[in-house]
Amino acid sequence: MYADLVCKGGGVKGIALVGALSYFEERGYVWKKVAGTSVGAIIASLVAVGYSASEIKDIMYNLDYKKFTDKNALQSVPFVGSLLSLFYCKGIYAGDYVENFLREKFELKGKKYFKDIYENNESKLKVIATDVTNHKLVVLPDDLIKYNIDPMEFEIAKAVRMSLSIPFFFNPVILNKNENPSYIVDGGLLSNFPIWIFDVNDKPRWPTFGFNLFNDVESTPSNCQSLIPFLIDVVETSLDTSEQIYFKDSDAIRIVNIPTFGISAINFDITKKEMIKLYNSGYNSAKCFLNNWCFDNYIRNYRRK
């Protein structure tokens, strides 16, 4: 059974997306097109280059999340490095580790550029980012042409890096650095869950499913009294704000809602026990969803002209 997939962003909570992915694959679903923001872009990109759910599970379980907080020379300066980096680099961490890690994983499947995952003149993968210079949403690779960049020759890993560059936390990616530079950051600022991205005006040939991460635990108030923790709180609040309040009935019915138990998106000290709990949450949520899903009913109730 064919389907398209949209994965919500959520930092380290992304392992829950893999649980849902695993159950869908067990039920025989094959993904035609995939999209995502932030960690959702990581999962979607691994699917797009040819990894199975079980392979992605191994990758996410064995990933050293602490290495996400990699630093360049300026950021490594004792005491003042983070502040200096915020001023000069606009981030307290480099963000290079995850890009290099993904590039290696993609190359193992013989993929590197968007041209390697084009089918029928369209990219199998869509990645959401935010252009804070021009105040607009960016869909990759499609919108690269607006920056005078050939989408076909653009690296998939670079696009995913752009989508997960949490403002102030990671250095932004700069496009057209030498002329009219544009600073690109986490797509979650404008659309953390682009469930709309594959919609068509006519009757769809197959369904588009969304994997939605939501916090089912009341947040504990923070006690941030210094600049950097405050900036992180501001951004994390923005990225964690659910788009669920905007869901139309026609969207809500095709979304798998996955509880994440109050785990922070930037908890890079996440334990294996917490990973397993998140994975199981995704798996069980997908199972519950598909037990009640009927594509014909969806078409009859929401897509009939």
Please confirm whether [X] makes a cation-pi placement over [Y], using NZ or CZ under 6.0 Å from the six-membered ring centre and within 45° of the ring normal.
X	Y	answer
Lys277	Phe261	yes
Lys57	Tyr279	yes
Lys109	Tyr51	yes

Review point. Ile56 pairs by side-chain contact (heavy atoms from CB on, under 4.5 Å) with which of Val47, Ile15, Ile42?
Key: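 Exactly one pass, corresponding to Val47.
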**Study point:** Sole candidate of Lys158, Arg161, Met162 that passes side-chain contact (heavy atoms from CB on, under 4.5 Å) when paired with Ile184
**Key:**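 Testing Ile184 for a side-chain contact (heavy atoms from CB on, under 4.5 Å) against Lys158, Arg161, Met162 leaves exactly one candidate, Met162.
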Review point. Do Asn134 and Ser182 have a side chain donor and acceptor closer than 3.5 Å?
Key: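 Short answer, yes.
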Point to revise | Closest non-hydrogen atom pair, Phe106 against Ile156 | key: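 Smallest interatomic distance, heavy atoms only, reads CE1-CG2, 3.6 Å.
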Check your understanding: Can you list every pair that meets side-chain hydrogen bond (donor to acceptor under 3.5 Å, both in side chains) and has a residue in residues 283-294, with sequence neighbours left out?
Key ->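 Sorted result for residues 283-294: Glu26-Tyr283.
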Point to revise | Aromatic ring proximity, centroids under 6.0 angstrom, Phe268 and Tyr97 | key: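 Between Tyr97 and Phe268, the centre distance exceeds or equals 6.0 Å.
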Practice item. Name all residues meeting the side chain to side chain donor-acceptor pair (under 3.5 Å) criterion together with Asp143; count only those two or more places apart in sequence or in a different chain, and write none if there are none. Key: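 Residues passing side chain to side chain donor-acceptor pair (under 3.5 Å) with Asp143: Lys146.
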Review point. Taking only residues two or more places apart in sequence, or in another chain, which ones meet Thr208 in a side chain to side chain donor-acceptor pair (under 3.5 Å)?
Key: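 For Thr208 there are no side chain to side chain donor-acceptor pair (under 3.5 Å) partners, ignoring immediate neighbours.
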Review point. Could you give all pairs that pass the ring-ring contact (aromatic ring centres under 6.0 Å, His included) test and reach residues 25-49, with sequence neighbours left out?
Key: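 The answer is Phe24-Tyr29, Phe24-Trp31, Tyr29-Phe209.
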Practice item. For residues 117-155, pull every pair meeting ring-ring contact (aromatic ring centres under 6.0 Å, His included), keeping only residues two or more places apart or in separate chains. Key: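 For residues 117-155, and leaving out neighbouring residues, there are no ring-ring contact (aromatic ring centres under 6.0 Å, His included) pairs at all.
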Exercise for review: For Asn297, enumerate each residue passing the side-chain contact (heavy atoms from CB on, under 4.5 Å) test, keeping only those at least two apart in sequence or located in another chain.
Suggested key: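 Scan of Asn297 (side-chain contact (heavy atoms from CB on, under 4.5 Å), adjacent residues dropped) gives Cys294, Arg300, Asn301.
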Practice item. Kindly say whether Thr37 contributes a backbone atom to a donor-acceptor pair with the side chain of Ser163 at under 3.5 angstrom? Key: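 No.
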Check your understanding: Is there a salt bridge (charged side-chain N to carboxylate O under 4.0 Å, His left out) between Arg103 and Glu107 once you walk through the steps?
Key -> CA-CA 6 Å; Arg103 183 179 295 108; Glu107 290 179 344; 5.2 Å; no
